[in-house]
Amino acid sequence: MKRELITMETINQKQTPKRNLKRSLIVFIGNILGIYLISYLGLGVEVSEFGSVTLLVIFISLINAILWPILTRIAMPFLVLTFGVGTLILNGLLLQIFGPLFGIEIKGAAMILVPLAMAAVTTILSSLITIEDDSSYYRAVLRDAEKKRKTEIKDYPGVIIIEIDGLAYEVLCEAIERGDMPTVKAMIESNDYTLRMWETDLSSQTGASQAGILHGNNEGIVAFRWIEKSNGNQMMQCSGMTKVPELEERISDGNGLLVDNGASRSNLFSGDTDNVIFTFSKITDFKKLYNKAWYSVFSNPNNFARIIALFLADIIREIWSQLVHSIKNVRPRIRRGIVYIPTRAATNVFMREINTATLIGDMMVGDVDVAYSTYLGYDEIAHHSGVRDNDAWFALREMDKQIRHLTEANKYCPRNYQFVIQSDHGQTNGATFTQRYGETFEDFVKSLLPEDMSVFAKMNSNEDHFAGDYTPFSRKNKKIKKEQEEEQELSDSEVIVLASGNLAMIYLTQWSQRLTYEELNSYFPELIPGIINNEYVGFILVRSQEHGDLAIGKNGTYYLDSGKIEGENPLEGFGDNIARHLKRTSSFEHTPDILVNSFYDEEADEVCAFEELVGSHGGAGGDQSKPFILYPSSWKVSDEEIVGAENIYKLLKENLAELKK
C-alpha cells in the first residue's frame, strides 16, 4: 500500500473539513451490509425486504445528524461512566425504535451487535479501498468546538506533547527507515523539527521519567517499587490507587509542566493541572472523570463503535500472534496468557483512540496551551512480544497514523499548535533471569540466606502500564483492599526482594537503617559473593562505611566516591554516565541494602529481566535508557547532551514560556 507523506506546509494551512463522497458512500454501504450480516447470522434482526434496510440507514443518518449532538450532551455523564459502551446502546435504541417503521425488528443483543457490525464492515471496507479520510469526524468535533471557543483567539502557538511509551531512539530510527512512520519522517525531513536522543536516570521506567518530565522532580524514586524502612517498611510504588496520588504530593511543588492552562491525557501524573482524563494520580477523584473533552470521542455516532471494532480486531491479532510465536518457537518468548489479550487491545487501541480524539478536541477549541498524552501500546507489546517483533512494528505504524490525525487536525484549529514527540525510556530485549538460570531471582536470593528467614518478593513491574487499573469503579475498593493486605504481609517479612525490569532490590527489614557493605558481609557472608558471582548479574550497588558507595562486579570494584577502579571496571558497557546515576540513586533515602543490575551483552544487545518480560526497562544496559525527543527546530535548546528526565522538564518549560513572549 502506498504511504502518503505529509509536509509541514500542508499541516500549517488552515482549512475547513470537506465532505468526501467516496468515504460517505463506503459508510453507507458498510451500514447496510452490517445490518444484513447480523440478520444473516440470525442474531436478532428480522428484515422483511432488501430495500427497507437501505431506507432505514438513510433515515437513521438523518436522525443522527439532527439528534446525536443533543443526545450526547444530555447523556454525556452516562457515556463516560460506561466508558463509551453507552454510545452503542444509544445507537441500538435508535435502530430499535425506528426499525419497525421500515419492517425491521431488532431484538435482544442485536441492539449492541448491529452498531458494532456496521462500524466493523465500514472499517474493513475503508482499509481495503485504502480510504484514510477523517473529514467527517473533524467536522463533527469542529461544530462543537466552535461553540466552546472564546471570542479572542490566542496569538501564540499551543503545544501538543505526545509520549510514545517505551520507544528507544534507535528503534524509532529503524521504524522510520522501514517506512513504518512516514509522518514522523516527514516532520524530520522538513527541517521544522529536530530529533535528539536523551538519557534517562538509572530508574528507566515511566514513574521516574514522568515525575521528572511533568513535575521537574523525581528525587527519591529508586525504581518502579521500593521499601521505606523509615516508614515502617511501607512499600511505595509508581502504581496503585493510593500510592500514585501520594507520590504526586511528594514530588509536586505546584509548578508542574501543565500548571498553566494545560491538559493531561492518559498519564501517570497530572503535571499540576485539573484538566485530566485517565490520569492516574487523579483517578480516584470521581469529579475529575467527567471532562467536556470527552465530547470529541462521542461526537460522531459511529466513532465509538469503530473503536470497539478495532479493539476486537486487535484481540484477534494477539491470539494469532501467540499462535505464530508458538509455532515458530520465537525466542526469547514468555507465556502471555489470556488476561494479556484484552489488556493489549485496551492499551494499543482503546486508550490510543481516546487520547487522539480528546487531543483533537482540545486543539479545535484552541484554549489549551499545552497538552501531554501518553500512548502505551508499543511499550505493552514490546514487553510481551519483543522490542523489534512484527507486533511492535505494527503498533508503531498505527501510532504514526495517530500523529498524522493530530497534525492534520492542526489545519482546522483557530490557532497553531506545535508538536513534541518523545518517549520516557526505551526497552532492551533478552531472555529473563528465570529462563536463563532455571530458578527465580527471589529463590536464588533465598538460597544465600539462612533457611529460617521469611522472604517477601514482588517481581512484576508491568503495572506501570496502568491501563489495567482503568476499570469500572466497582473494582477500585477491591484494589485498595488488596494493597492493605499486602502491607500486612510486608510487615511480617524479614527480607524483601523487588524487581523493576533488569534492576532488583534487596531489603533486610530487621534493621531500620540501610546496612553497610561491611555489615552485610558480617551478618550474611554468602549473600554478596553469591550474587556477584552469578553469571547473569552485571554489578551490585552497596554503601561501604569505609569507602562510601561501591559498584561491585565479578572481577572488580568501582569506588564511586573517589573514582578509583580496582581490577576490571564493573560498569564497562553501561554508558558514560552510569557512575553519576549510581551516585545519585545511592543518595536517596530509601535505596536498598543491595541494588542489583543484570548483565548486559553488548554484542547481542541483551539484558535479563528479573521479571517475566521479553523487552524490559528499569535499570541500565542497552537502549532502555536511550529514549528520544522530537521538538520544533525554532526552539532554544542547548547542544549539550540531555541527561535525566528533570532536564526534559526544563527544556519544555523554558520553551513554553518563550512561546508566550
Side-chain angles (χ1 to χ4, degrees), residues 166-178 197-200 202-205 325 328-334 378-379 381-393 396 423 425-438 441 444 499-504 531-541 551-558 565 567-582 595-628 641 643:
L167 181 58
Y169 174 86
E170 290 296 335
V171 179
L172 170 70
C173 292
E174 286 180 43
I176 291 171
E177 288 176 11
R178 285 168 48 90
M197 182 178 76
W198 66 280
E199 184 177 327
T200 67
L202 176 65
S203 180
S204 54
Q205 49 88 24
H325 279 68
K328 291 185 175 181
N329 195 26
V330 173
R331 298 290 176 181
R333 186 174 83 248
I334 59 170
Y378 169 80
D379 191 64
I381 289 171
H383 272 309
H384 293 84
S385 296
V387 174
R388 291 173 173 83
D389 188 80
N390 286 334
D391 291 348
W393 297 128
L396 291 178
S423 55
H425 55 77
Q427 285 199 33
T428 309
N429 246 39
T432 68
F433 180 89
T434 302
Q435 290 172 337
R436 295 173 190 266
Y437 190 65
F441 185 72
F444 168 63
S500 179
N502 73 318
L503 195 71
I531 294 172
I532 291 170
N533 288 314
N534 187 294
E535 61 183 309
Y536 303 116
V537 169
F539 62 85
I540 67 168
L541 171 68
I552 308 174
K554 291 174 183 58
N555 302 307
T557 300
Y558 195 127
I565 298 172
E568 295 179 9
N569 182 0
L571 303 181
E572 185 70 35
F574 288 95
D576 295 339
N577 297 306
I578 184 62
R580 163 183 168 184
H581 291 312
L582 289 173
L595 185 145
V596 184
N597 200 95
S598 85
F599 83 108
Y600 171 58
D601 184 334
E602 285 189 85
E603 189 175 336
D605 189 26
E606 287 188 347
V607 297
C608 72
F610 295 111
E611 53 185 322
E612 295 307 293
L613 297 172
V614 178
S616 69
H617 58 88
D623 288 337
Q624 61 182 308
S625 56
K626 299 172 184 176
F628 72 93
E641 65 174 346
V643 180

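Quick note: residue numbers are just sequence positions, from 1.
Of all non-hydrogen atoms in A551 and L582, the two that sit nearest each other are CB-CD1, 4.1 Å. The heavy-atom pair separating F628 from L167 by the smallest distance is CD2-O, 3.5 Å. When all heavy atoms of G556 and P570 are compared, the closest pair comes out as O-CG, 3.8 Å.
The distance between the ring centers of F539 and Y558 does not fall below 6.0 angstrom.
Scored by the side-chain contact (heavy atoms from CB on, under 4.5 Å) test, R580 finds N577, V643 as partners (sequence neighbours excluded). For V614, the side-chain contact (heavy atoms from CB on, under 4.5 Å) partners two or more places apart in sequence, or in a different chain, are P332, I334, N429.
Using modelled atom types, no side-chain atom of S500 and backbone atom of L503 make a donor-acceptor pair closer than 3.5 Å. Not one N or O on the side chain of E606 forms a donor-acceptor pair closer than 3.5 Å with the backbone of A431.
In the displayed structure, D576 atom CG is contacted under 6.0 Å by at most 12 heavy atoms of other residues, nucleotides or ligands. Shown here is E174, whose CD atom has more than 12 heavy atoms of other residues, nucleotides or ligands within 6.0 Å.
Inter-residue side-chain proximity for H425 and D379 is flagged as met; some heavy-atom pair is nearer than 4.5 Å. Residues D605 and D623 meet the side-chain proximity criterion, which asks for heavy atoms closer than 4.5 Å. The shortest distance between side-chain heavy atoms of H617 and H383 falls below 4.5 Å.
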Kindly indicate, with the supporting measurements, whether the criterion side chain to side chain contact (heavy atoms under 4.5 Å, CB included) is fulfilled by Q427 and L613.
CA-CA 11 Å; Q427 285 199 33; L613 297 172; over 6 Å; no

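Taking OH of Y536 as the reference point, atom OG1 of T432 lies at 10.5 Å (rounded to 0.5 Å).
Using the six-membered ring where Trp is involved, F444 and Y437 have ring planes that are perpendicular, over 60° apart on the 30 and 60° scheme.
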